[in-house]
Amino acid sequence: MKKLLAFLMALLVLPAMVLAAPATASKTVPGYGGDVTVTLTVDEGKLTDVKVKGAGETHGVGSVAVEQLPQVMLEKNSVHVDTVAGATTTSNAIFSAAEAALKELNVELSKTEDETAQASLEAVHTDILVVGAGGAGLAAAATAADEGAKVVLVEMLSFTGGSTAQSGGVMARGALEGDPEGTMTADELYEYLLSWSEGKADPEVVRAYVDNAGIDQPWAFSLGDGVAETTRYHMLPENIMAIRPVGEATAAATGIVLTRAMEKGVLDRGVDLRLNTEATELIVEDGKVVGAMVTGREGSYPIYARGGVILCTGGFAQNKELLAEYGTPNAESVIVSCTAGATGRGLIMARDIGAKIQFGNDWDTDGYHTLAATGYTNYLNMVLVNGDGVRFHREDNQLPFIYTDMVKQTGKGMMDFYFLTDSNLEPDLPGMIAMTGAEKFDTIEALAKHIGCDLETLTKTINDYNENKGKEDPQTGKQPAYMLGLEAPYYCVKAQPIRVVTVGGVVIDKDAQVLDTNNKPIPGLYAAGELANGSFYYNVYSACGSAVGHAIIFGRIAARTAAATLK
């Protein structure tokens, strides 16, 4: 009888034991670049495992949320945590999938004490504070450390790289030993770059670029574990030497290969890198910048830097208010595709303490012609027409110049543009279709209807193009090698101008010192990169590879100038 009773009691306890066992559920929702799947395991009200899969999320942006959020959820024992700065869409997809999985489990997670709320918010003291961890900030931090300075590097996003990571990572420089004969020398590159601004750029700043580019390009590519493979980038004029990394990213956005190597170089040097930390205000004492107030997940606190502050915060393409204030014509009609960190925070902080802000007329001169260009670059073999079915620019030109012409057309009410190609693009045609979503049209009549243009106009455009197949185009100067002709069936890719950079902002001198409204250096304040590219370009983006080069070169110059004050 006692044995029977014990057996019956065990049966009664068994369901409770089963219910108390760890439970797992998975849910999938659409993310930025494909499906995102979250798998939760819960045991007695506590998350014991969180797995996130999202292979299609943007490399180096959304992929950071996929990597970071599981650990944060485990630490907080919650699916309601802060988004990964700069990867909001992917973060929200992960949250939605996690909430759905938790609902399916029908459990309530236990509350945990928020330890970060108890963190000390004492002031931090260092030698040099670098604000922004894109190409300029990473270069500045590494160089300052090499100069013997103690460095704090803050970045408002959850990852480094900035606009450099989302670029091709191209750096233009003058000729070095071993380059092909006829490559532009540093002196020739200087004259070329300066000519684009019609002499309105600061000649000393342009000179500093070309004098340092041949040293700083190999230096940047050697940081960390180094960039394993590089290639020459197609340029116009063709004798400009420009180098880009080759790596795991898309055809265009290989800049992340460079910035990841640079980030490791920074960490190898012992730099105090603080992500999710935004500088909000410069600290000025006796007319000198001595630090900045920052806000991180743990709260706000001051960072004091006896050697000063180097602003490397990028541009303001993501700030509609600043675009309205400083914008070029049609600024509001141009799509934006750049780092989420391009908020103009550095410009605002510098302006608040009296820095000189300068923009040239019609400065909106750098962008893509379609989102497809970030992953597919064989556009130079195609035919580009506006919404009237008319060619207006040479397709083998550099992206910025095509973009600039598009913006001018947009100002006349022309919003949509189209790249046309045919079987001449084989064997790249299937990849182009997959990357761009190109549509196929068997006849020119169907193509004209799709574009919404006059059939006679489009027919003339294509006939004129075909008459010069294999020759230099008399209309635009397009090179014979890219004049492939165009025959049915046609493939069509819709295009629009897409801004990636702002040109202008804080004014700096050749030593990367920020100038005040009287053109005098503000003690303790330095700047580099997109925030301060107006001194270099004035208003015309002159060459692919010059933006990344400018960021890295002047990041290094700023670091050396600041470090010299410590000695």
Side-chain angles (χ1 to χ4, degrees), residues 33 234 250-252 333-335 337 367-399 401-498:
H234 169 78
T250 62
S333 63
V334 178
I335 298 169
S337 177
Y368 291 128
H369 47 55
T370 169
L371 285 174
T374 62
Y376 185 80
T377 57
N378 208 359
Y379 59 86
L380 43 80
N381 290 312
M382 302 184 186
V383 175
L384 174 63
V385 299
N386 61 22
D388 291 332
V390 175
R391 289 178 69 222
F392 59 94
H393 197 99
R394 58 184 295 177
E395 296 86 355
D396 62 340
N397 209 342
Q398 296 178 46
L399 284 173
F401 304 134
I402 300 177
Y403 168 83
T404 303
D405 238 3
M406 276 187 166
V407 171
K408 291 177 181 177
Q409 296 272 318
T410 301
K412 300 175 183 177
M414 191 72 63
M415 296 299 294
D416 295 329
F417 304 85
Y418 302 86
F419 275 98
L420 312 178
T421 191
D422 58 14
S423 59
N424 277 316
L425 210 61
E426 294 285 6
D428 295 335
L429 187 58
M432 186 276 291
I433 295 171
M435 179 67 71
T436 66
E439 297 183 62
K440 181 180 178 181
F441 299 92
D442 292 325
T443 66
I444 194 169
E445 289 81 5
L447 178 62
K449 183 178 180 180
H450 174 74
I451 293 174
C453 66
D454 178 66
L455 173 61
E456 185 177 342
T457 299
L458 182 61
T459 300
K460 183 178 186 308
T461 295
I462 294 176
N463 286 342
D464 288 348
Y465 189 81
N466 287 337
E467 283 182 9
N468 294 290
K469 180 179 178 180
K471 307 174 186 176
E472 181 176 312
D473 181 21
Q475 177 184 344
T476 66
K478 184 175 180 179
Q479 301 170 85
Y482 306 116
M483 295 287 292
L484 304 183
L486 191 65
E487 304 290 343
Y490 308 100
Y491 295 87
C492 179
V493 180
K494 187 176 179 179
Q496 289 179 307
I498 300 169

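Within the model, atoms CZ of Arg391 and NE2 of His393 stand 10.0 Å from one another, a figure rounded to the nearest 0.5 Å. Atoms CZ and NZ, on Phe417 and Lys494 in that order, are 11.0 Å from each other to the nearest 0.5 Å. Residue Ile444 holds its CD1 atom at 6.5 Å from CG of Asn463, rounded to the nearest 0.5 Å. The distance from atom CD of Glu467 to atom CG of Asp473, rounded to the nearest 0.5 Å, is 11.0 Å.
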Taking only distance into account, with no hydrogens and no angle test, what donor-acceptor pairs under 3.5 Å do side-chain atoms of residues 446-456 form with protein atoms, sequence neighbours excluded?
unit_1: Asp454; atom_1: OD2; unit_2: Glu456; atom_2: N; d: 3.3
unit_1: Asp454; atom_1: OD2; unit_2: Thr457; atom_2: N; d: 2.9
unit_1: Asp454; atom_1: OD2; unit_2: Thr457; atom_2: OG1; d: 3.0

Result block: side-chain N/O donor-acceptor pairs under 3.5 angstrom for residues 420-427, not counting sequence neighbours:
unit_1: Asp422; atom_1: OD1; unit_2: Asn424; atom_2: N; d: 2.8
unit_1: Asp422; atom_1: OD1; unit_2: Asn424; atom_2: ND2; d: 3.1
unit_1: Asp422; atom_1: OD2; unit_2: Asn424; atom_2: ND2; d: 3.4
unit_1: Asp422; atom_1: OD2; unit_2: Glu487; atom_2: N; d: 2.7
unit_1: Asn424; atom_1: ND2; unit_2: Leu484; atom_2: O; d: 3.0
unit_1: Asn424; atom_1: ND2; unit_2: Gly485; atom_2: O; d: 3.3

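By the side-chain hydrogen bond (donor to acceptor under 3.5 Å, both in side chains) test, Glu439 pairs with no residue at all, sequence neighbours left out. Applying the side-chain hydrogen bond (donor to acceptor under 3.5 Å, both in side chains) test to Tyr418 and every residue at least two apart in sequence or in another chain returns nothing. With sequence neighbours excluded, the residues satisfying side chain to side chain contact (heavy atoms under 4.5 Å, CB included) with Pro480 are Glu472. Applying the side chain to side chain contact (heavy atoms under 4.5 Å, CB included) test to Asp396 and every residue at least two apart in sequence or in another chain returns Leu380, Arg394, Lys478, Gln479, Tyr482.
Scanning all heavy atoms of the two residues, the minimum distance from Ala481 to Asn381 falls at O-OD1, 4.3 Å. Ser337 and Ile498 make their closest contact through CB-CG2, 3.4 Å (heavy atoms, listed as atom of the first residue, atom of the second, distance). The minimum heavy-atom distance between Tyr491 and Leu429, with the atom names listed, is CE1-CD2, 3.7 Å.
Within the 4.5 Å cutoff, no side-chain heavy atoms of Gln475 are placed close to those of Tyr465. Side-chain contact between Leu384 and Met382: absent, with no pair of heavy atoms (C-beta onward) separated by less than 4.5 Å.
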Kindly determine whether Ile462 and Val383 satisfy side-chain contact (heavy atoms from CB on, under 4.5 Å), including the steps that lead there. CA-CA 9 Å; Ile462 294 176; Val383 175; 5.8 Å; no

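Between the side chain of Asn468 and the backbone N or O of Asp464 there is at least one donor-acceptor pair closer than 3.5 Å.
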